[in-house]
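The structure appears below as structure tokens.
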Amino acid sequence: MRIGIYQNDGPISHKVADELALALRQHGIALDNKTPDVVISVGGDGTLLGAFRHYINQIHTIRFVGLHTGHLGFYTDWLSDEIPALVAALVHDNGQSVDYPLLSLTVEYDNGKRQEHLALNEAVVKQPMGTLVADIYLGGELFERFRGDGVSVSTPTGSTAYNKSNGGAVLHPNLSAIQMSEISSLNNRVFRTLGSPLIVPKGEEIIIEPAHSNFALMFDQGMIATNHVKRVRFKVAEQRVHFAEYRHVNFWRRVHNSFINDIE
Ligand code: NAP
Ligand code: MN
């Protein structure tokens, strides 16, 4: 088995990654950042998003592991003082994994070209200045004309990130679905949107067609240039993301630990 280590820039993550690499070598486990079977992300959720992006062309074969070194770490199962236990689990690895849905966004250009991207957390259509005006299609029909700051479309595991700040629901990742949430929509006598988050099953598309150019299109930590973008199609991706599951962390425990735990 080949292990890749992906770390963030902080000094703690560097130290932990060095310790981890040493422990892996001592157990005869090969390190390989080019074509790894398992990628250990050392840092927080941001680091895991970076690891996912870095290995995007290999996600069908890679299993991810999150080793936590501070911050929130919703996706991370191991603490930095658990390196011996993690290495022991890797030594006895027999391919255990759990997989979660991803978001597919297809950017459609004026000339008819299409480009697909995958997101682990969400994609956001936003107007940095002024009001975003966009037609939103559901089930192949015009559903509403949105006016406001923007719209987010998230995966189940991304539902606890930006989506949650927008008042979206937390979605269990056994549900193959995506969730659209509004960011400060305008609602008055003249302008009307649904005003609540909505959840779309696998096989259905959400289409967002901005009425003007110069909007921003973000996904996870990245940004897509929107010159000549006509519309963006969102759906549950065919591909899924795999995590090595050496010990089961119940999804609701994960949510509890991230959002409830330390509040008395
Ligand atoms: P960041 O600014 O550090 O992320 C904001 C926070 O979201 C961090 O505490 C991060 O955890 C946490 N987070 C990331 N993914 C999560 C998930 N799936 N569930 C629960 N919490 C999660 O930037 P970043 O670390 O590069 O993360 C990018 C993400 O930030 C985006 O995908 C978006 O979801 C989120 N974001 C949120 C808002 C908002 O809520 N208004 C605005 C912009 C972006 P760590 O500290 O462990 O990294
Ligand atoms: Mn972060």
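In each ligand, atom 1 is the first atom listed, and ligand 1 is the first ligand listed. On a predicted model such as this, the values are computed, not experimentally measured, just so you know.
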Pairwise side-chain contact, L105 with L103, heavy-atom cut-off 4.5 Å (strictly under):
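Yes, side chains in contact.
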Among all protein heavy atoms in this structure, tell me which lies nearest to [atom], with the distance rounded to 0.1 Å.
atom	result
atom 44 (C) of ligand 1	Y162 CD1, 3.9 Å
atom 28 (C) of ligand 1	L49 CD1, 3.6 Å
atom 15 (N) of ligand 1	N121 ND2, 2.9 Å
atom 16 (C) of ligand 1	A161 CB, 3.5 Å
atom 9 (O) of ligand 1	L72 CB, 3.8 Å
atom 40 (O) of ligand 1	S165 OG, 2.5 Å
atom 22 (C) of ligand 1	D45 OD2, 3.5 Å

Any protein heavy atom at under 4.0 Å, with [atom] as the reference point?
atom	value
atom 34 (O) of ligand 1	yes
atom 18 (N) of ligand 1	yes
atom 4 (O) of ligand 1	no
atom 47 (O) of ligand 1	yes
atom 13 (N) of ligand 1	yes
atom 7 (O) of ligand 1	no

Apply side chain to side chain donor-acceptor pair (under 3.5 Å) to the pair R233 and S104, showing each step before the final yes or no.
CA-CA 8 Å; R233 297 168 177 273; S104 154; over 6 Å; no
Does the side chain to side chain donor-acceptor pair (under 3.5 Å) test come out yes or no for T35 and D32, once each step is laid out?
CA-CA 6 Å; T35 54; D32 177 358; 3.1 Å; yes
Taking a hydrophobic cluster as the set of Ile, Leu, Val, Met, Phe, Trp and Tyr residues connected by side-chain heavy atoms closer than 4.5 Å, whether directly or through intermediates, do [X] and [Y] fall within one such cluster?
X	Y	value
Y162	F146	no
Y100	I40	no
I136	V232	yes

Would [X] count as a polar contact of ligand 1, with the cut-off being nitrogen or oxygen pairs under 3.5 Å?
X	answer
F74	no
G46	yes
G44	no

Going by atom types alone, do T193 and E182 pair a side-chain donor with an acceptor below 3.5 Å?
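Note: T193 and E182 side chains meet the donor-acceptor criterion.
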Should the pair Y6 and Y55 be assigned to parallel (<30°), tilted (30 to 60°) or perpendicular (>60°) ring geometry?
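Ring orientation, 0 to 90° scale: perpendicular.
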Would you call the rings of F243 and Y75 parallel, tilted or perpendicular, where under 30° means parallel and over 60° means perpendicular?
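Rings of F243 and Y75: parallel, as their planes differ by under 30°.
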Under 4.0 Å from a heavy atom of [X]: which atoms of ligand 1 are those, numbered in the order shown and with their elements?
X	value
T157	17 (C), 18 (N)
Y75	18 (N)
T160	17 (C), 18 (N), 19 (N), 20 (C), 21 (N)

Tell me, please: is G73 in heavy-atom contact with ligand 1, that is, under 4.0 Å?
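Distance cut 4.0 Å: G73 passes for ligand 1.
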Option passing salt bridge (charged side-chain N to carboxylate O under 4.0 Å, His left out) with R63 (candidates D37, D77, D93)
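Exactly one option meets the salt bridge (charged side-chain N to carboxylate O under 4.0 Å, His left out) with R63, and it is D93.
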Once rounded to the nearest 0.5 Å, what's the spacing between atom CG of L90 and atom CE of M1?
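Between L90 CG and M1 CE, I get 4.5 Å after rounding to 0.5 Å.
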Of the listed options E122, H71, Q221, H68, closest to atom 26 (O) of ligand 1 (non-hydrogen atoms):
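The residue whose heavy atom sits nearest atom 26 (O) of ligand 1 is Q221.
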What are the two closest non-hydrogen atoms of Q179 and L171, and how far apart are they?
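Minimum heavy-atom contact is NE2-CB, 4.4 Å.
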Greater than 12 external heavy atoms within 6.0 Å of R145's CZ:
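Above 12, so yes.
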